[in-house]
S.K.: 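Handing you this structure, nothing more for now.
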Amino acid sequence: MTTRTKSFLIWLTVVPVLTGLCLIGLSLLPLWFAYLLPYAIGAAVLVILVAVLAAGGATRTLGASVAGLAGGVVLVVVAFSITDAARQADLKASYKEFGEFSQIVARGDRKATASALSDLRRFTPAEALCVLGSDSGSGGSGYLMPEGPDMQRTRMGQRYFISTPRLFEVAEILVSTQPAQRETQVALSRMLRSLY
């Protein structure tokens, strides 16, 4: 392997490795570290550029070093783009699934509601009840809710989307199918707080 190839490969890995360390640091370190992140990134970019120029000049591989560094930046940008596209697709699928579920709840068919509650793939039944309760009870933004007969009605001056009896029906189904689970208790508590 030539010196140019080694320089290219070394600098190709620098940006992805530093990005990975930065992401790990964000998940492990306290919140105040996030406020220092722009300064840390600026300092790291400055140090990397000086190191590329110094190492590339000393080993006469400046072109290969800069190309490797640029390639590393491209790799990171592509990886973030792919990850973001996958996250957006998952988010859209979650919205679609919840929209379909909330339409079933709004229709009031108890059997269909119970079946849909157990068939949710992106939400646990307790999470689904929490979203129903918060978006329906407090007015919510309604972005997950269907247009329905309750759409123009108001509770304490705010629109709601799933009527209270339907919410209690979903809660009853949840309790009867998943008794004595902490998650169910939390969901019921959140729903009641939203309705209150």
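FYI, side chains are in, hydrogens and waters are out, and symmetry mates aren't considered; it's all heavy atoms of this structure.
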S.K.: Kindly give the heavy-atom pair with the smallest separation between Pro125 and Leu174, and that separation in Å.
M.R.: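 Where Pro125 meets Leu174 most closely, the heavy atoms are CB-CD1, 3.3 Å.
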S.K.: Applying side-chain contact (heavy atoms from CB on, under 4.5 Å), name anything that partners Val45, two or more places apart in sequence or on another chain.
M.R.: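 Ile41, Leu49.
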S.K.: When rounded to the nearest 0.5 angstrom, what distance separates NZ in Lys92 from CD in Gln88?
M.R.: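 Those atoms lie 6.5 Å apart.
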S.K.: Side-chain heavy atoms under 4.5 angstrom apart, residues restricted to Ile, Leu, Val, Met, Phe, Trp, Tyr: same cluster for Val47 and Trp11?
M.R.: no
S.K.: Could I get the full list of side-chain hydrogen bond (donor to acceptor under 3.5 Å, both in side chains) partners for Thr124, not counting sequence neighbours?
M.R.: Glu183
S.K.: Could you tabulate the donor-acceptor pairs under 3.5 Å formed by side-chain atoms of residues 72-87, not counting sequence neighbours?
M.R.:
| unit_1 | atom_1 | unit_2 | atom_2 | d |
| --- | --- | --- | --- | --- |
| Ser81 | OG | Val77 | O | 2.9 |
| Thr83 | OG1 | Ala79 | O | 2.8 |
| Asp84 | OD1 | Arg87 | NH2 | 2.8 |

S.K.: Taking all atoms of both residues into account, what is the closest heavy-atom pair of Phe101 and Leu120, and its distance?
M.R.: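 Answer, listing the atom of Phe101 first, then Leu120: CB-CD2, 3.9 Å.
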S.K.: Answer yes if Val15 and Leu23 sit in the same cluster of Ile, Leu, Val, Met, Phe, Trp and Tyr residues linked by side chain heavy atoms under 4.5 Å apart, and no otherwise.
M.R.: yes
S.K.: Could you check whether any side-chain heavy atom of Ile48 comes within less than 4.5 Å of a side-chain heavy atom of Leu18, counting everything from C-beta outward?
M.R.: yes
S.K.: Quick one: closest heavy-atom pair of Gly71 and Leu12, and the distance?
M.R.: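 For Gly71 and Leu12, the tightest heavy-atom pair comes out as C-CD1, 3.4 Å.
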S.K.: Only counting residues at least two apart or in another chain, list the ones meeting salt bridge (Lys or Arg N to Asp or Glu O under 4.0 Å) with Asp90.
M.R.: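 Salt bridge (Lys or Arg N to Asp or Glu O under 4.0 Å) list for Asp90, sorted by chain: Arg122.
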S.K.: Among residues at least two apart in sequence or on other chains, which ones pass side-chain contact (heavy atoms from CB on, under 4.5 Å) with Thr5?
M.R.: Met1, Thr2, Leu9
S.K.: Report, one line per pair, each donor and acceptor closer than 3.5 Å where one atom sits in a side chain of residues 61-70; sequence neighbours left out.
M.R.:
| unit_1 | atom_1 | unit_2 | atom_2 | d |
| --- | --- | --- | --- | --- |
| Thr61 | OG1 | Ser7 | OG | 2.9 |
| Thr61 | OG1 | Thr59 | OG1 | 2.6 |
| Ser65 | OG | Thr61 | O | 2.9 |

S.K.: Work out which heavy atom in Ser118 is nearest to a heavy atom in Ser115; give both atom names and the distance.
M.R.: OG-O, 2.9 Å
S.K.: State which residues pass side-chain hydrogen bond (donor to acceptor under 3.5 Å, both in side chains) with Thr13; sequence neighbours excluded, sorted by chain then number.
M.R.: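 With sequence neighbours excluded, Thr13 shows a side-chain hydrogen bond (donor to acceptor under 3.5 Å, both in side chains) to no residue whatsoever.
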S.K.: Under a single-linkage rule joining Ile, Leu, Val, Met, Phe, Trp and Tyr whose side-chain heavy atoms are separated by less than 4.5 Å, which residues share a cluster with Ile104?
M.R.: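 None, because no other hydrophobic side chain comes under 4.5 Å of this residue.
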S.K.: Once you round to the nearest 0.5 Å, how far does CZ of Phe168 lie from CG of Leu129?
M.R.: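 Rounded to the nearest 0.5 Å, the CZ-CG separation comes out at 10.0 Å.
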S.K.: Please write out which residues are connected to Ile24 in a hydrophobic cluster, directly or through intermediates, given that two of Ile, Leu, Val, Met, Phe, Trp, Tyr count as joined at side-chain heavy-atom separations below 4.5 angstrom.
M.R.: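 Besides Ile24, the cluster holds Leu28.
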S.K.: Does Ile10 sit in a hydrophobic cluster with other residues, and if so which ones, taking ILVMFWY side chains as linked at heavy-atom separations under 4.5 Å, directly or through other members?
M.R.: none
S.K.: Sorted by first residue and then second, give each salt bridge (Lys or Arg N to Asp or Glu O under 4.0 Å) pair with at least one member in residues 108-120; sequence neighbours left out.
M.R.: Arg110-Glu172
